[in-house]
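See structure below.
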Amino acid sequence: MDLLPSRYTIHKTKLRWILTMMTMMMMMVMRRGESMRLDMESGNTKCISDDIKTNYMTVGTYSIVNPNEGHHLPPSHKLFVTVSSPKGKSHHHAENVESGKFVFTAEETGDYMTCFVAPGYRPTAKFAVDFEWKSGVEAKDWTTIAKRGQITMLEVEVRKLLDVTETIHEEMFQLREREREMQELNRSTNSRMAALSLLSFVVTMSVAGLQLRHLKSFLERKKLL
């Protein structure tokens with residue numbers, strides 16, 4: 001009679017241990033959001049880049065820090081914001097704003113660039129901008145997903161783990177593709193080096209032959225042969 005509670009306790013402990021390890025793995029693997037504060041000055045530009053994979057969702061929020069809470073920001077505290085893809089496609093453009101948000105799904109892999117421009121102003125003004133940029137699993141609004149689906153936080157964590165697993169699988173596939181491309185590049189480089197070495201040998205032997213022929217003709221003219 002006492003074995004059932006004991007086994008139940010053991011299984012429950014194992015389940016907790018497995019969930020803990022999976023959560024730790026998720027925290028280590030999944031991409032964290034980048035939160036930062038930028039110091040801006042009138043007439044200056046600052047750009048931030050992030051390497052985003054294809055089909056990854058990315059979310060960015062930015063806002064000018066108000067030095068005087070409860071008061072409106074001065075006219076000098078404005079921003080021009082642009083977000084562009086590796087090939088220069090615009091995903092976000094805002095002018096004379098104090099805060100904003102952008103959301104899009106990456107259409108290609110590469111470095112996406114977010115640039116903040118503080119327009120010129122006299123006298124020069126200095127201010128700070130809070131910027132948070134999330135990509136991948138972290139970009140999803142899991143709280144909203146839990147509310148809409150009426151699921152528990154444990155189920156949310158499981159879904160996160162599934163997304164992380166899928167992300168790892170995609171990254172491993174991309175690493176294999178890069179490895180294959182590097183192998184092909186190495187083979188191509190080796191083939192070219194071999195052809196270049198052969199060409200160098202042929203040129204060297206040809207020059208040596210011409211030199212010997214010239215030396216022989218010179219010695220014959222001097223009647224040394």
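Only heavy atoms go into these numbers, but all of them, side chains included; no hydrogens, no water, no symmetry mates. For this chain, numbers begin at 1 and follow the sequence in order.
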Notebook entry, point to check: Do Tyr62 and Phe104 share a hydrophobic cluster (ILVMFWY, side-chain heavy atoms under 4.5 Å, transitive)?
Noted result: yes
When rounded to the nearest 0.5 Å, the distance separating OG1 of Thr58 from NZ of Lys53 is 13.5 Å
In this structure, CD of Glu181 is separated from CG of Leu185 (nearest 0.5 Å) by 9.5 Å
The reported gap from CG in Leu175 to CZ in Arg178 (rounded to nearest 0.5 angstrom) is 6.5 Å
Check your understanding: Below 4.5 Å, heavy atoms only, C-beta onward: do Trp133 and Thr61 meet side chain to side chain?
Key -> no
To the nearest 0.5 Å, atom CG of Leu38 lies from atom CG of Asn44 at 12.0 Å
Exercise. Is it possible for you to say whether Val97 and Tyr121 belong to one hydrophobic cluster, with membership spreading through side-chain heavy-atom contacts below 4.5 Å?
Key: no
- Any sub-3.5 Å donor-acceptor pair from Ser49's side-chain atoms to Met113's backbone N or O? no
For residues 98-115, the salt bridge (charged side-chain N to carboxylate O under 4.0 Å, His left out) pairs (sequence neighbours left out) are Lys78-Glu98, Lys89-Glu107
Open item on the list: We want to know whether Thr124 and Arg122 form a side-chain donor-acceptor pair, criterion being a heavy-atom distance below 3.5 angstrom.
Closed with: yes
**Q.** Glu177 vs Arg180, salt bridge (Lys or Arg N to Asp or Glu O under 4.0 Å): CA-CA, chis, key distance, verdict
**A.** CA-CA 5 Å; Glu177 285 294 317; Arg180 183 181 61 80; 2.8 Å; yes
*Is there side-chain contact between Asn66 and Asn68, with heavy atoms separated by less than 4.5 Å?*
yes
* Side chains of Ile64 and Leu79: closer than 4.5 Å at any heavy-atom pair? -> yes
Taken to the nearest 0.5 Å, the spacing of Arg192 CZ from Leu199 CG works out to 14.5 Å
Side-chain donor or acceptor of Thr109 paired with backbone N/O of Thr54 under 3.5 Å: yes
task = Indicate, with yes or no, if the rings of Phe116 and Phe80 have centres closer together than 6.0 Å.
result = no
Asp39 and Ala128 have their tightest heavy-atom pair at OD1-CB, 4.1 Å
Note: Leu73 and Val65 closest approach over all heavy atoms is CD2-O, 4.1 Å
d(His92 NE2, Ser84 OG) to nearest 0.5 Å is 12.0 Å
Is it true that Val129 and Ile48 fall in one hydrophobic cluster, defined by side-chain heavy atoms closer than 4.5 Å?
-> yes
Cluster overlap Met36 with Ile52, hydrophobic side-chain contacts below 4.5 Å
yes
Side chains of His71 and Glu69, donor plus acceptor under 3.5 Å: no
ask   = Are the aromatic rings of Tyr112 and Tyr56 close, with centres under 6.0 Å apart?
value = no
If only atom types and distance count, is the side chain of Ser217 paired as donor or acceptor with the main-chain N or O of Arg213 below 3.5 Å? yes
Checklist entry - Would you say the side chain of His91 lies within less than 4.5 Å of the side chain of Ser85, judging by non-hydrogen atoms? => result yes
Heavy-atom side-chain proximity of Asp50 to Ser135 below 4.5 angstrom: yes
Here the pair of heavy atoms bringing Ala118 nearest to Phe127 is CB-CZ, 3.8 Å
